Every structure is written in structure tokens, then in C-alpha cells.
Amino acid sequence: MKFHYKCTTCGQEYHSDSVMYLCPKCEQTNEPDLPPKGVLKVIYDYQNISIDFDQLWQKEFLPLLPINSLESLPNLRIGKTPMYLIDRLEGQDLNFDLYLKDDSQNPTFSFKDRASAVVSAFAREHGIDTIVAASTGNAGSSLAGIAAAQGQNAIIYVPASAPKAKLTQILMYGAELHTVDGNYDMAFDLSIEATRKHGWYNRNTAFNPLTIEGKKTVSFEIFHDLRSVPDKIFVPVGDGVIISGVYKGYEDMLRLGIIDRMPVIVAVQAQGSSNLINNVYHNAFEFTPSHTIADSISVDIPRNFYMARDFLCKYNGEITSVSDEQILKSSKILARNTGIFAEPAAAAAFAGFLNFWEQNQIPVNSVNIVLSTGSGLKDLEAVQGII
Ligand SMILES: *Cc1c(COP(=O)(O)O)cnc(C)c1O
Ligand SMILES: [Zn+2]
């Protein structure tokens, strides 16, 4: 076995070759209306991985993935997305480096493919042919597409209010679509019920520990392109899995001695859905029902709250929030200045960067990355009012 699990709440370690979700001990103490405890982290045998970065790159990160063979991955180009240097914005030459990592260039046009690919590959290696997921839209359309490529069945629970393009993708890829008259949290519960009842493998974010392992690959790619650690990475945050994936990628590299410091990661949330950043420095978790135009980061209970909080605290992360108005405005600025049309959740990360820039918090000569996590074509309705 090349990896084991460690509970992020109680520290218990689990050696298992089969499917695992939350820590069985901590799961029992979970309460409704609170983020789940017991999310598992995947740990490799770092001491015995003596590999330099170029070898790791050549092996497509296999030594740091929870699968045995690259052949198990779908025959699609997942990740290896372009990272663009932006040197002018709104008529101004920039005196720092600004890169856009464009993850809309994944097969189903969002960052989620990184996670779906690894979960799907694990399923393939374990003889599992049906995978279920709850989603605000992108995780579902991603799993549907990846499962189609792999000849697997996908069953997707999504709020009926999800953008039409995302629902259409799910149907086009041939997945079984269940629209839920309610929010993402309801879809989540239904998908867990389906897993319990039918034994289907569950891809849910911060429930299936392998999603983070897929998402972390973005950090390896950023390192590959820069050959150094950037100063800031702006990440849009809903459940807190992408941000934890970015941290995990850098943490793996830190453990292997490839890097010697962590970047500052900036968690960007919509003002109307900021339950993660609002609770980072609180003792008791309190949530406000979410409402934002950025559907992909509209979340009541951030499912990976505790892991994301621990990472932010341990590595001095920063937080910022942006209004829907800022998100839409930023989406337009991004499109007009760079040729990249991002969906609202992705534009939120850019809006977070603009917040910092406007407040003179982007030092001269610093290196900054904005993760653009999804394509603007996934939600045309959101921008109708601003064109
Ligand atoms: C899922 C998603 C996010 C947020 O990721 P979390 O892991 O929920 O924090 C951001 N942007 C897009 C486009 C997404 O699909
Ligand atoms: Zn535990």
C-alpha cells in the first residue's frame, strides 16, 4: 500500500486498501448544521520517496497519487492547463507578476476534473463501476464527463436551480441526473443516502478523501512553470477543498524537500457565502444561509471547513470577500483584458486579487497567481445584466 489515511480531527491513522470516507470514530459525533469532522488526509511514505521534481513530473506525479497506474486515468487531458502572464490591466503596466492559471481548459471546463479523474481511476482499480456525487453543478458535470470517458456510470444530485449549461452537460455525458428542489446541502444528504442504500462509490468533496489528491496537482504544475514558490495564490472558496488541495500540493513538496517555504494562499469567498472565512478565527461555528450569483461557491456548511482552517492558520493564509457586484465587474475586466471568460466563482478569485491590488497589498516584483477555476460559458445567465 503506497499511502494511508490520517484523520484531520482526532489524528487516528488508517491503513486500508478499500474505500474509506470520513473517520469512522469522528463521523459519529457529527451534527447537522455544523461542518463535518473526521475528514481524512492521504499520507504517503515521504521518507522513502526519493525523487526530484523533474522525475516526479516525468512520472506524472504517480508516486504522489493514491492510484497504482496512470493507465487507470481517463484518456483525456486532465490538468496541465495553461498559466498566462498578464502584464497589463486596465491600461496600466503591472510592476509585479500576475499569472492566471486557466483551469477552464479541462475536459468539462472546470477545475473539478482534477478530482474526478483520480476518484474515477481509483474506482477502476477497485472494480467499481458506479459513482455518485452531489454537486452545485461542476463536480457533477465533471464526474459525468470523466465517467463517460471511463465507461463508468455516474449518478448526480444537483439543485434544480443549477445553471442550465451544467445540467445539460450532465445529461449529454449520459449520467443519471437527479435534480433536487433545494440547495446543495440537500443534494449532499441525498447522495450520501444513495451511497448507504446502494453501495455506490461516492465522489463528494470532503467526504471522499481522494478529491484533494486530484486537486493538489495544480500546485505541482504551478511549481513546474515557475520553478519557485509564488508570493500569493488567490483561490475561490466554497467547501474549501480546492484551497486544501493547493495547500496539500505544496505541503507534499515541502515534505519531499522540493521547496523550503509555503506560498501565502488567499481564500476568496463571495460576501453572500462566506461561512468559511467568517469562521476561521471563531471558536463556535455560526453560519448564515448563502446567497450569491457565484453558484459554484454558494455553500451553507463548508464541508472541508476544519482542514481548510487548519491549513490557513498553520501557513498564515489570508482571507477576503467580494460582493456579487464586484464578481460581475471583475468577470468583465478579466474577459476584456485577458481574453479569458470565467464563470462567476472563478471571477471571484480575480476580484479578490483586485481587492488586494486596490489596497496596495500587491508588492512590487511579487509573484501572484489567480486560479481561474471554471469557464464563463457554464453560466451565461449570470452575466446578462452587464453586457
Ligand atoms: C467547486 C468550485 C469552486 C470551489 O471549490 P471548493 O472546493 O468548494 O472550495 C470554485 N470555483 C469553481 C468554478 C468550482 O467549480
Ligand atoms: Zn477521527
Side-chain angles (χ1 to χ4, degrees), residues 5-14 20-30 35-41 101-104 106 108-116 133-143 158 162-163 165-166 169 184 188 203-207 209 211-212 214-216 218 234-248 265 267-270 273-277 290 292 294-308 311-312 327 331 342-350 352 370-379 382:
Y5 300 102
K6 184 170 184 181
C7 174
T8 51
T9 306
C10 73
Q12 175 79 43
E13 303 199 8
Y14 296 95
M20 278 203 81
Y21 299 116
L22 299 178
C23 167
K25 269 203 306 191
C26 294
E27 188 177 16
Q28 289 167 11
T29 65
N30 282 338
K37 294 189 172 168
V39 174
L40 298 177
K41 194 167 169 182
K101 179 71 172 160
D102 185 14
D103 253 61
S104 70
N106 272 302
T108 77
F109 317 106
S110 87
F111 193 98
K112 298 290 195 290
D113 287 342
R114 293 178 183 273
S116 301
S135 167
T136 61
N138 280 341
S141 52
S142 168
L143 178 62
V158 187
K166 300 182 184 181
Q169 279 185 290
Y184 167 61
F188 199 99
R203 180 217 177 273
N204 285 7
T205 195
F207 183 67
T211 56
I212 287 179
K215 290 180 174 186
K216 76 181 181 187
V218 72
F234 293 83
V235 181
V237 174
D239 275 322
V241 179
I242 293 182
I243 193 170
S244 299
V246 174
Y247 270 123
K248 179 68 167 25
I265 297 186
V268 186
Q269 290 209 287
S273 176
S274 47
N275 289 316
L276 195 145
I277 59 172
S290 59
T292 168
D295 66 293
S296 301
I297 50 173
S298 185
V299 161
D300 284 351
I301 313 275
R303 300 280 160 174
N304 206 32
F305 173 71
Y306 294 108
M307 190 194 289
F311 273 132
L312 284 163
I327 290 174
S331 170
E343 70 165 271
F350 183 63
V370 173
L371 278 196
S372 193
T373 44
S375 163
L377 294 178
K378 278 173 165 280
D379 189 359

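All values below were derived from every heavy atom in this structure, side-chain atoms included, with hydrogens, water molecules and symmetry-related copies excluded. All values reported here derive from a predicted model rather than from experimental measurement. Just so you know, ligand 1 is whichever comes first in the structure, and atom 1 is the first atom listed for that ligand.
Heavy atoms of Lys378 come nearer than 4.0 angstrom to ligand 1 in no pair at all. Val237 counts as a contact of ligand 1, since one of its heavy atoms falls under 4.0 Å from the ligand. Under a 4.0 angstrom heavy-atom cut-off, Gly240 registers as being in contact with ligand 1. Under the 4.0 angstrom criterion for non-hydrogen atoms, Ile243 is not in contact with ligand 1.
Cys26 contributes SG and Cys10 contributes SG; the angle these two atoms make at the Zn ion (ligand 2) is 110°, rounded to 10°. Rounded to the nearest 10 degrees, the angle SG (Cys23) to the Zn ion (ligand 2) to SG (Cys7) equals 110°.
Heavy atoms of Ser110 found under 4.0 angstrom from ligand 1: none, in either backbone or side chain. Of all the heavy atoms of Val241, the ones lying under 4.0 Å from any atom of ligand 1 are found in both the backbone and the side chain.
Counting only distance, with no hydrogens or angles, the side chain of Ser273 and the backbone of Ile297 share a donor-acceptor pair below 3.5 Å. Between the side chain of Asp113 and the backbone N or O of Thr108, at least one donor-acceptor pair lies under 3.5 Å.
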- Please lay out, stage by stage, how Ser110 and Thr373 fare under the test side-chain contact (heavy atoms from CB on, under 4.5 Å). CA-CA 6 Å; Ser110 87; Thr373 44; over 6 Å; no
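Ser331 and Ala342 get closest at one heavy-atom pair: OG-O, 3.7 Å.
Within ligand 1, the atoms closer than 4.0 Å to a non-hydrogen atom of Lys215 are 7 (O), numbered from 1 in the order shown. Every atom of ligand 1 is numbered from 1 in the order shown, and the set under 4.0 Å from a heavy atom of Ile297 is 3 (C), 4 (C), 10 (C). Residue contact check: Asn138 has heavy atoms under 4.0 Å from atoms 13 (C), 14 (C), 15 (O) of ligand 1.
The aromatic rings of Phe188 and Phe207 sit perpendicular, their planes meeting at an angle over 60°, well past the 30° parallel limit.
Looking at Thr205 and Asp239, their side chains never bring a donor and an acceptor atom within 3.5 Å of each other. Using modelled atom types and a 3.5 Å distance limit, the side chains of Ser290 and Asp300 yield a donor-acceptor pair. Checked by atom type, the side-chain pair Ser296/Lys378 shows no donor-acceptor distance below 3.5 Å.
At least one N or O atom of Lys112 sits closer than 3.5 Å to an N or O atom of ligand 1. Distances between N or O atoms of Thr373 and those of ligand 1 include at least one value under 3.5 Å. At a 3.5 angstrom cut-off on N or O pairs, Gly374 does not count as close to ligand 1. In terms of polar-atom proximity, defined here as any N/O pair under 3.5 Å, Gly238 does make such a contact with ligand 1.
From the protein, the heavy atom lying nearest to atom 8 (O) of ligand 1 is Asp239 N, 2.8 Å.
Counting heavy atoms of neighbouring residues, nucleotides and ligands inside a 6.0 Å radius, atom NZ of Lys41 exceeds 12 of them.
Between Leu312 and Leu276 the shortest side-chain heavy-atom distance falls below 4.5 Å.
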